[in-house]
Q: 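Here it is, the structure, as C-alpha cells.
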Amino acid sequence: MNPNYTTIITPLDPGRVDACRKYLRDNAEPRLAGDLIECQPLFRFDKIAGLHFCSFVILDEEGEFAPSLVFEATFDGSREDFLDELLEIAPEGMHEVYRHCTDYPFSGPAAPQLIEEYLANHDVGANTFFSGNPGRTVGQILGENLLRRDILTFLSKRCQPGNAIPARPAGFLDEVRRHVIRGRDDNRWAEQAAPVPWEIRQRSGIVAAAIIAAFVAVCATGIAVGALFGWGPFVLYGHIVRAFEQVSHIGASISNFMVSRFPWIASHITIEPAILHILIALTGVWLIVRVFELFLTSWTKNPHDQLFINRFPLQIAVIVRYALIVFLVGSVVLAIISGMTAARSAGNAVQYGFWSIVWRLIVVGLILAVLNYSATSLKLAVQIRPYSAVRENVRRLLLDLLTFAMVVVTAIGVLLVARHIPFAVSEQIATIARSIVFAILVTVAYGLIGILAFYAIGLLIFGLIRALEVSDKRNFSEPAELIARARENARKYAREEGGINRYQNHLASITTVKPGFIRCWLLRLALFVINLLSRFWFNRGELGGIPTILSARWVMIDGGKRLLFLDNYGGAWESYLNEFIDLAAVKGLNAIWSNTFVSADGKSYGFPASKFLFWKGAQAEQPFKAYVRQSQVETIAWYSAYPTLSVININASTELRQSLFEPLSDGDIDAIFRSL
C-alpha cells in the first residue's frame with residue numbers, strides 16, 4: 001500500500017495572517033526532545049498512527065494572489081479516515097487555526113462533519129507525488145527500525161570477549177533468529193513477508209509493457225509517415241531487397257580487395273558470397289556509426305556539459321547501430337534458409353566431410369574464446385587503473401568491436417553448420433520463413449522511420465523551446481543577482497538547519513509560472529512524466545539518483561499560475577541541493593523550474609538559464625541555490641513520525657527483516673552482518 005496524501009489550501013483573511021502564523025508557532029510547532037519530536041497538547045500528531053509527515057505553511061499576499069494557508073500531510077489509509085482522526089485529536093487546535101480563514105464554517109467544532117467537508121473541498125491533491133519508501137506504513141517503518149536496533153544490541157553483547165562465536169555464519173544467523181522470536185510474540189510479525197506494492201512487484205513487466213507500447217507507437221507513426229510517401233509494406237520490402245543488393249555490391253568490392261591481398265582466405269571460407277558480402281558491408285557501416293557515436297560522446301571533457309547539439313545525433317546513432325544489428329541477424333537467417341533449401345534441391349548431399357566441418361567449427365570456437373578473453377581483459381583494465389579520456393574512448397571502441405566480432409563469428413559458425421549439415425526444408429516452408437523474416441525487417445524499418453519522425457518533431461519543439469529561452473533573457477533578470485539576498489534568506493530560514501529537524505528537513509517553495517500557453521503545458525507535461533516515473537520506475541528509494549527524498553509533491557495552484565513544492569528530505573539543505581546539481585535528476589529539475597520565475601524588489605528573476613529545457617539550468621550552482629532560497633517559504637510547523645531515519649535507513653531495515661527468515665548462503669549472511 002502506497003502512502004496517501006492531502007494538500008489543503010484555504011484563503012486567509014489578509015488582516016489575520018500574522019495572528020495565524022503566531023498561533024501556529026506557539027501551539028502547533030512540535031518541540032525537540034532528544035532525538036524525538038514532542039508534539040504540543042493541542043496538536044498531538046503523534047496520536048495519529050498512520051501519519052508520516054505533516055506541515056503548515058503560509059503563502060503571503062503577492063500581487064494578484066491573496067494570502068493562503070497550506071496544510072499538507074502524508075499518511076496511511078484513506079483521506080476520510082485521516083481527517084476523522086485529525087479532527088478527533090486536535091479539534092480545538094484545528095478550529096483556532098482555520099477560523100483565520102475567510103470561508104471557514106461558522107459552526108466550528110460544533111459541526112465537525114462540516115469542518116471535514118470544508119477541508120476535503122479545499123484539497124488540491126498534487127500533480128506529482130513521490131515517496132522514498134513506498135508500501136511501508138508508519139507501523140512497519142518504526143517496527144523494523146526497533147527490530148534492527150534490537151539485533152544490534154544483541155550482537156554487541158554476544159560478541160563480547162570471552163563469548164564463544166559460532167564457527168559458521170549460518171550458526172550466527174540462527175542465534176539472531178532465535179533471539180528475535182524466542183518468547184516474544186510481539187516480534188512474530190517479522191517472520192511474515194513484508195508487503196510490497198504491485199508497482200514494485202511488477203516493475204519489470206511494466207517496463208517491458210512500456211517498451212512494447214513505445215515500439216507499437218513508433219511503428220504506427222512509421223506506417224503513417226510511409227503512407228504519405230507511398231511506402232506500403234510491399235514497397236518497403238522492395239526497398240529492403242534492393243538495399244541488400246547494394247550492400248552486397250559494397251561488400252563484394254571489400255571482399256575482392258581482401259582476397260587479392262590474401263588468396264588463402266578464399267579456400268577456407270565456404271559461406272555463400274552474397275551473404276558474406278552483406279556481412280562485410282554491414283560490419284563496415286556499423287563500425288562507422290560506432291566511431292561517430294564515440295566521437296559525439298567525447299565532444300566535451302566536462303561531464304556536466306551535455307550539449308543538445310551532440311545529444312540529438314548521438315541518440316540517433318545509437319538507434320541506427322542497433323537497427324544495423326537487427327538487419328545483420330536477418331541477413332544471416334535468410335542465408336540459413338537459402339542453405340537449407342539448396343541442400344534439399346541437391347538431394348541432402350553433404351558438400352564437405354565430417355572432419356572438414358569439425359575443424360572449421362573448432363577454429364570458430366577458438367576465435368570466440370580469444371575474443372571473449374580480450375573483451376574481459378578490457379573490462380577489467382579500467383577497474384585496475386583509470387584511463388584518460390582518449391584511451392577510455394579507444395577502450396570502449398575496442399570492446400564494442402570485440403563484442404560485435406563475437407556476434408559476426410557466431411553468425412559465421414551458424415552459417416557453416418547450416419550449409420553443410422544434411423538437413424533441408426521444403427520450398428513452401430522456406431517461403432513462409434522468408435516472409436516472416438522480411439515482415440520483421442519491414443516492421444523494424446517502419447519503427448526506424450517512426451523514430452526519425454518523432455525526432456524531427458522533437459527538433460521542431462526543442463527549437464521552439466530554445467526560442468522561448470532566448471526570449472526569457474530579455475524578459476527576466478539573471479538569478480545571479482539574488483546571490484546577495486540568499487544570505488539574508490538563509491538567516492531567515494536558519495531554523496531548518498538546526499531546529500527540531502536535526503536529521504530531516506522540510507522545504508516549501510512557491511514560484512510563478514512563466515506566462516504563455518506553451519510554458520504552462522510544458523510544466524504540466526514535465527510533472528505528468530515525473531509522476532509516472534515516480535510511481536513505476538523510481539520506486540526503490542531514489543528519484544533520479546537522489547536517495548534522500550522521503551516524500552515530495554509538486555502542485556500547480558491558482559489556476560495553474562503558480563507552482564508549490566513541498567518536500568521532506570534527509571540531511572542539510574546545502575548537500576540536498578548539491579545532489580540535484582550532480583545527479584541525473586538535474587534534467588527533471590530543469591524541465592520543471594525553468595518554466596517558473598520568482599519576484600523580489602519589484603523585479604522578476606528567471607530560473608538559471610537552461611538550454612533546450614533539460615541542460616544547463618541548475619548546474620549554475622550559486623544562482624540555482626539563490627533562486628531556491630528566494631522561492632522558499634517558511635515552514636511554520638512540521639512533524640515527522642520517524643525524524644531520525646533516512647530513506648536508506650528505512651530501506652535497509654526492510655531488507656534486513658525480509659532476509660532474516662529466508663534461506664541464505666554464507667555470502668548472503670555475511671552481507672547482512674556487514675550491512676549492520
Side-chain angles (χ1 to χ4, degrees), residues 6-48 51-62 65-75 83 86-87 89-102 104 108-109 115 118-119 122 488-510 550-551 553 564-569 572-573 628-641 643-644:
T6 185
T7 312
I8 298 169
I9 302 180
T10 50
L12 275 171
D13 184 338
R16 309 186 70 181
V17 172
D18 291 337
C20 182
R21 181 180 284 111
K22 184 177 186 306
Y23 181 83
L24 287 170
R25 283 176 177 164
D26 294 342
N27 298 280
E29 171 75 329
R31 307 301 184 198
L32 182 65
D35 288 339
L36 300 178
I37 286 180
E38 186 179 89
C39 294
Q40 299 206 55
L42 293 178
F43 290 89
R44 291 299 304 273
F45 297 122
D46 55 325
K47 294 291 186 181
I48 304 177
L51 179 60
H52 292 259
F53 307 98
C54 70
S55 71
F56 281 102
V57 172
I58 289 179
L59 304 180
D60 289 315
E61 183 175 5
E62 183 181 354
F65 306 113
S68 55
L69 173 66
V70 179
F71 173 69
E72 54 113 1
T74 304
F75 49 85
L83 292 178
L86 177 63
L87 294 176
I89 64 101
E92 181 183 345
M94 293 295 287
H95 168 68
E96 288 298 321
V97 170
Y98 281 95
R99 72 184 183 86
H100 297 91
C101 298
T102 56
Y104 180 67
I115 299 178
Y118 168 79
L119 296 175
H122 286 81
E488 174 189 338
N489 291 333
R491 290 193 297 271
K492 181 179 179 181
Y493 306 121
R495 63 174 294 280
E496 298 177 12
E497 298 301 314
I500 63 169
N501 40 352
R502 176 179 169 192
Y503 300 96
Q504 296 177 1
N505 273 298
H506 182 269
L507 173 65
S509 165
I510 185 72
L550 291 134
S551 74
R553 72 192 71 189
L564 176 64
F565 175 58
L566 301 166
D567 181 18
N568 299 284
Y569 63 95
W573 183 89
V628 174
R629 273 304 189 200
Q630 185 61 39
S631 73
Q632 192 169 349
V633 181
E634 180 188 7
T635 301
I636 302 173
W638 174 83
Y639 167 80
S640 170
T644 62

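Only heavy atoms go into these numbers, but all of them, side chains included; no hydrogens, no water, no symmetry mates.
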Q: Once rounded to the nearest 0.5 Å, what's the spacing between atom OH of Tyr569 and atom CG of Leu507?
A: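 Interatomic distance, Tyr569 OH to Leu507 CG, rounded to 0.5 Å: 5.5 Å.
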Q: Atom NE2 of His100 and atom CG of Leu69: how far apart are they, to the nearest 0.5 Å?
A: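 It is 10.0 Å, given to the nearest 0.5 Å.
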Q: Ignoring hydrogens, what is the shortest heavy-atom contact between Ala28 and Gln40? Give both atom names and the distance.
A: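 Heavy atoms only, the tightest pair is N-NE2, 4.0 Å.
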Q: Tell me, please, which residues at least two apart from His95 pass ring-ring contact (aromatic ring centres under 6.0 Å, His included).
A: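 Listed in chain order: Tyr104.
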Q: Is there side-chain contact between Pro11 and Thr102, with at least one heavy-atom pair below 4.5 Å?
A: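 In short, these two side chains touch, coming nearer than 4.5 Å.
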Q: Between Val57 and Ile636, does the side chain to side chain contact (heavy atoms under 4.5 Å, CB included) criterion hold? Intermediate values first, please.
A: CA-CA 6 Å; Val57 172; Ile636 302 173; 6.0 Å; no
Q: Tell me every residue that passes side-chain hydrogen bond (donor to acceptor under 3.5 Å, both in side chains) with Ser631, counting only those two or more places apart in sequence or in another chain.
A: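 side-chain hydrogen bond (donor to acceptor under 3.5 Å, both in side chains) list for Ser631, sorted by chain: Ser509.
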Q: What's the spacing between Leu550 CG and Ser640 OG if we round to 0.5 Å?
A: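 Taking CG in Leu550 and OG in Ser640, the distance rounds to 7.0 Å.
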Q: Look up atom CG in Leu51 and atom OH in Tyr639, then write down how far apart they are to the nearest 0.5 Å.
A: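 Answer rounded to 0.5 Å: 5.5 Å.
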Q: Given Cys39, which partner from the list Arg44, Glu29, Arg31 fulfils the side chain to side chain contact (heavy atoms under 4.5 Å, CB included) test?
A: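 In the set Arg44, Glu29, Arg31, the residue that makes a side chain to side chain contact (heavy atoms under 4.5 Å, CB included) with Cys39 is Arg44.
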Q: The criterion is side-chain contact (heavy atoms from CB on, under 4.5 Å); which residues satisfy it with Leu42, sequence neighbours excluded?
A: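 Per chain and number, Leu42 pairs via side-chain contact (heavy atoms from CB on, under 4.5 Å) with Tyr23, Asn27, Glu92.
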Q: Test of understanding: with side-chain hydrogen bond (donor to acceptor under 3.5 Å, both in side chains), list the residues that count as partners of Arg25, not counting sequence neighbours.
A: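 Only Glu634 meet the side-chain hydrogen bond (donor to acceptor under 3.5 Å, both in side chains) criterion with Arg25.
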Q: Does the side chain to side chain contact (heavy atoms under 4.5 Å, CB included) test come out yes or no for Ile89 and Phe43, once each step is laid out?
A: CA-CA 7 Å; Ile89 64 101; Phe43 290 89; 6.0 Å; no
Q: In this structure, which one of Asp567, Thr74, Asn568, Thr6 forms a side chain to side chain donor-acceptor pair (under 3.5 Å) with Arg553?
A: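 The residue from Asp567, Thr74, Asn568, Thr6 that satisfies side chain to side chain donor-acceptor pair (under 3.5 Å) with Arg553 turns out to be Thr74.
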Q: By side-chain contact (heavy atoms from CB on, under 4.5 Å), which residues pair with Asp26, not counting sequence neighbours?
A: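 With neighbours one apart ignored, the set is Lys22.
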Q: Compare every heavy atom of Ser551 with every heavy atom of Phe53, then report the nearest pair and how far apart it is.
A: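 Distance-wise, the nearest heavy atoms are CD1-OG, 3.8 Å.
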Q: Quick one: CZ on Phe56 to NE2 on His506, what's the gap to the nearest 0.5 Å?
A: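 If we round to the nearest 0.5 Å, Phe56:CZ and His506:NE2 are 11.5 Å apart.
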Q: Would you mind reporting whether Leu12 and Ile58 have side-chain heavy atoms less than 4.5 Å apart?
A: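 Sidechains of Leu12 and Ile58: in contact.
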Q: Does the side chain of Leu86 reach to within under 4.5 Å of the side chain of Phe71, using non-hydrogen atoms?
A: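 A side-chain contact under 4.5 Å exists here.
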Q: Who are the side-chain hydrogen bond (donor to acceptor under 3.5 Å, both in side chains) partners of Tyr118, not counting sequence neighbours?
A: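 side-chain hydrogen bond (donor to acceptor under 3.5 Å, both in side chains) list for Tyr118, sorted by chain: Asp103.
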Q: Evaluate the side chain to side chain contact (heavy atoms under 4.5 Å, CB included) criterion for residues Val70 and Leu564: first the C-alpha distance (whole Å), next the side-chain angles of each, then the deciding distance (0.1 Å), finally the verdict.
A: CA-CA 10 Å; Val70 179; Leu564 176 64; 4.0 Å; yes
Q: Any chance you could measure Glu72, atom CD, to Ile8, atom CD1, to the nearest 0.5 Å?
A: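 That separation rounds to 10.5 Å.
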Q: Using a 3.5 Å distance criterion without hydrogens, assess whether the side chain of His122 forms a donor-acceptor pair with backbone atoms of Leu119.
A: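 Checked: no pair found.
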Q: Can you find a pair of side-chain heavy atoms, one from Asp60 and one from Phe65, that are under 4.5 Å apart?
A: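 No, their side chains stay 4.5 Å or more apart.
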Q: Between Phe75 and Leu83, is a side chain to side chain contact (heavy atoms under 4.5 Å, CB included) present by the stated rule, with each step listed?
A: CA-CA 10 Å; Phe75 49 85; Leu83 292 178; over 6 Å; no
